[in-house]
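Below, read A as the first sequence line, B as the second, and so on, with proteins coming before strands; counting in each chain starts at 1.
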Protein chains: 2
Amino acid sequence: MDGLQPRRHRRRVRPAARRPAGRRRHRPRHPGGGPGMSTESSGQRNTAAPRSRTRPARKSAAASAGTGMSQVAERAGVAMSSVSRVLSGHADVSEAMRARVMAAVEELGYQPNMLAQMLRRGATRTVGFVVGDISNPLLSQIALGAETTLRASDYALLLANSVNDPRLDAENIQLLHQRRVDGFLLSLSDETSEQTAEAVARTDTPTILIDRDLPTRAPTSAVLSDHRAGITRAVEHLVGLGHERITLIAGSPHVRPTRERIDALEEALEDSPGVVAQVRPGAFTEAHGRAATRDLLDGRRPPTAIIAGGNQILVGVLAELAAREIRIPHDLSLVTCDDVPLAQFFTPALATIRRDPYEMGATAARLLLARLGGAADEVATLPTQFSAASSCAPPRPRQ
Amino acid sequence: MDGLQPRRHRRRVRPAARRPAGRRRHRPRHPGGGPGMSTESSGQRNTAAPRSRTRPARKSAAASAGTGMSQVAERAGVAMSSVSRVLSGHADVSEAMRARVMAAVEELGYQPNMLAQMLRRGATRTVGFVVGDISNPLLSQIALGAETTLRASDYALLLANSVNDPRLDAENIQLLHQRRVDGFLLSLSDETSEQTAEAVARTDTPTILIDRDLPTRAPTSAVLSDHRAGITRAVEHLVGLGHERITLIAGSPHVRPTRERIDALEEALEDSPGVVAQVRPGAFTEAHGRAATRDLLDGRRPPTAIIAGGNQILVGVLAELAAREIRIPHDLSLVTCDDVPLAQFFTPALATIRRDPYEMGATAARLLLARLGGAADEVATLPTQFSAASSCAPPRPRQ
DNA sequence: ATGAAAGCGCTAACAG
DNA sequence: CTGTTAGCGCTTTCAT
């Protein structure tokens, strides 16, 4: 071995206690060891008399577990209520008291049991996030924005995927409601679902819709994207280039973005007689993108420009175009909605209608925080930007 | 308007009760309305005598809220414990009892308060997922796999981002512990952090590491990827093509994937004297990818092949290559780790070391479920695949 | 400023 | 099989 070497070399330390690890996923169940067989590492002072008759599911005595507020009180020689007051920063507490209590807390390594607090206070400081598909970069960035903002206010995020199934939307709402979340962030799979609307209505929990509309029956806040503006700019650009047949391959017609985009496309073309809009709603999937593209290109009058209504759809569109060796923008112009990580390195560069998903999530969280703080429901609309790029060019002269 | 029209036309229904929505994010705080000002929609039977002296934060009387188990018991004319037994599917319950109770439940639309159950049972059916960056597609797919699997067993996922800050790792673990999660799924930002190790050790909660190692002190299960195999295949391929200077631009050296990849690269080249390995660990960021690439290309002996150790790093590498108009694979061969959505449309196609992140998440969840069911800790290693592609070619002859 | 007591809504002994 | 009872661990009146 010659030449430069890594600055950092590291011995391969196989963690001692582990089995060699040979990719076994479905571990055979231990014959004799059903639930309840748990390792039960007996704590130190297991000898003394049981504290009471009732002793449910004793949790193994770990560092902090089992140390309750009453122990702190005893240690500090004060009443539990005083400990509680100190810990929750109540005003009327003497310095002496505060010091005594904090000392005891320190010594015992006491950590409050939030479960008990939640039950008692009637608030969980938890927000339920129902989302069609967290693995979609758009949604995961929204999640990041939301989580970051919520955490700054000491809220935690309970995540529930619906895998784009409206029934799971409703079920998740119900489930999270039973877990007593203080609020909801909803990126629903289908805003027309009766069950979902009911689930939302049944809950009187503050709810923020993320780029969705819902029958007014259930009052909510919402963070919306201004899809109209984006589509309008894109269409203006395409029309300016001379396109006369523009197709939007859109996602599910049961969510706001799709409806807005379709409306915007049609509206934008109202002033341009001679320019034809086509719309292919369907699903936010690669399959739909591909099928729609195939269909269009096989049709009597294929479009000269396609707008892909989402990142998965884009994949399908590109796949079909690649299969047919259709060149962009020579044979067809292409615009896409919502950025994807590597899009910037495409050749040709992809014209894109962008928005800021992190900011959407953060805004949704702020709206919810406001609602939880007593404010009224509110709708925020965030902008959308169209960046032209070389994937759009004048159409080829009519055949 | 002529020609084809969309099959679906839709009136633009502006939801009635909403303000026109003019993008205002930082809503001014209402002067007089602090917390506690909440709308307090008084329920129907607000006239009767208060049920008790203590009445904390009375939740507004919604459909299901306020309906407690005792009411069901009363309605059914049985004891609360019987209701409980019926609802938790206890064996020794007569059909008559079951029917009476279920009827009452139905009529009242009763939904159990999981908070109370959690406190009483000492289990929350909640899993804490600590992750460096949920917006990374790799991690969000892992999250999806985990959530889907956990949900099938009635566990919910509490998500905590650490934005790649080791201190937040530890803090999040502590926070989730206070929320009494039953288990942890950890995709730590830095496995060498003392604080994190302590936090994990302090918790006696079952913990699954996701592609991380941790000092044995804290016993855990783990799901690992076989990075060695992937790198080994990739290097074999490159060496086979005649490359003699291969650089791995890696992410943080404080996580397992980076260490494994570095080790594997060096090991793979042990048998190939004359082939030089370079390693540039740093961070999983575009910035590092770009800086490292710049550095390498400006160096005395630039590599003939680069392995990008992550999707963000890849973006940086590509950016720098594009800026210098370096052609792949003519001037340089490129391999990347971990797939990204649009990579398949790259020209040339990117050679990639792949794994199945959804399956990683699902496996992690299964391991945790097993642990929660009383099984011992276990390590699962999932495979990795190298697909060659046209981004790799023989190097240009030495200058 | 501090303490005593009364639960939040539920479960699980225990005793019929 | 069903009812009684004693809490889970904490917060919050209410009364000093």
Side-chain angles (χ1 to χ4, degrees), chain A residues 36 50-59 64-74 76-101 105 108 110-125 177-180, chain B residues 36 50-59 64-74 76-101 105 108 110-125 177-180:
Chain A
R51 269 224 312 272
S52 77
R53 202 176 49 135
T54 308
R55 200 187 347 167
R58 157 133 308 169
K59 46 184 67 139
S64 68
T67 314
M69 186 180 274
S70 62
Q71 334 235 4
V72 177
E74 191 176 9
V78 302
M80 259 179 69
S81 45
S82 293
V83 177
S84 175
R85 276 189 283 256
V86 169
L87 261 37
S88 37
H90 194 94
D92 296 339
V93 188
S94 70
E95 247 334 298
M97 174 66 84
R98 168 161 281 111
R100 296 178 64 78
V101 169
V105 164
L108 269 47
Y110 169 73
Q111 293 183 230
N113 182 334
M114 294 193 61
L115 234 44
Q117 294 183 329
M118 292 174 188
L119 178 60
R120 183 55 232 248
R121 292 181 178 159
T124 55
R125 291 232 146 218
H177 174 58
Q178 281 184 219
R179 282 176 177 266
R180 294 301 188 266
Chain B
R51 268 225 312 274
S52 76
R53 203 175 48 133
T54 308
R55 199 183 351 161
R58 155 134 313 169
K59 43 184 67 139
S64 68
T67 314
M69 186 179 274
S70 63
Q71 333 235 1
V72 177
E74 191 176 8
V78 302
M80 256 179 71
S81 47
S82 292
V83 177
S84 175
R85 276 190 283 257
V86 168
L87 261 38
S88 36
H90 195 94
D92 296 338
V93 189
S94 71
E95 251 329 303
M97 175 64 85
R98 166 161 283 110
R100 292 179 67 79
V101 170
V105 164
L108 267 48
Y110 168 73
Q111 294 184 229
N113 182 334
M114 293 193 63
L115 235 43
Q117 295 183 327
M118 291 174 190
L119 179 58
R120 182 55 231 242
R121 293 182 176 158
T124 54
R125 291 235 147 217
H177 175 59
Q178 280 184 219
R179 283 175 177 267
R180 295 299 187 267

Atom pair CD/CE of A:Gln71 and A:Met80 - distance to nearest 0.5 Å: 10.5 Å
Report the distance from atom [atom1] of [X] to atom [atom2] of [N], rounded to the nearest whole Å.
X	N	atom1	atom2	answer
A:Arg180	C:dC10	CZ	C1'	11 Å
B:Met69	D:dT2	CE	C1'	15 Å
A:Met118	D:dG9	CE	C1'	13 Å
B:Leu115	C:dC10	CG	P	10 Å
B:Arg121	C:dT11	CZ	P	5 Å
B:Met114	C:dT11	CE	P	10 Å
A:Arg179	C:dC10	CZ	P	15 Å
B:Met80	D:dC1	CE	P	22 Å

Quick one, [X] and [Y] - any side-chain contact, counting heavy atoms below 4.5 Å?
X	Y	result
B:Pro112	A:Gln178	yes
A:Thr124	A:Arg179	no
A:Met118	A:Arg180	no
B:Arg120	B:Ser84	no
B:Asp92	B:Arg85	no

Nucleotide of C:dA5, C:dG9, D:dT4 approaching B:Ser81 most closely (side-chain heavy atoms): D:dT4
So which nucleotide from D:dT12, C:dC10, D:dG3 ends up closest to the side chain of A:Arg120? D:dT12
Please list, by residue number, the residues of residues 82-99 of chain B whose heavy atoms come closer than 4.0 Å to an atom of DNA chain C; answer none if no residue qualifies. B:Ser84, B:Arg85
What pairs with A:Glu74 under side-chain contact (heavy atoms from CB on, under 4.5 Å), at least two apart in sequence or on another chain? none
Closer than 4.0 Å, any side-chain N/O of A:Gln117 to the OP1 or OP2 of D:dG9?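 Checking A:Gln117 against D:dG9: no side-chain N or O falls below 4.0 Å of OP1 or OP2.
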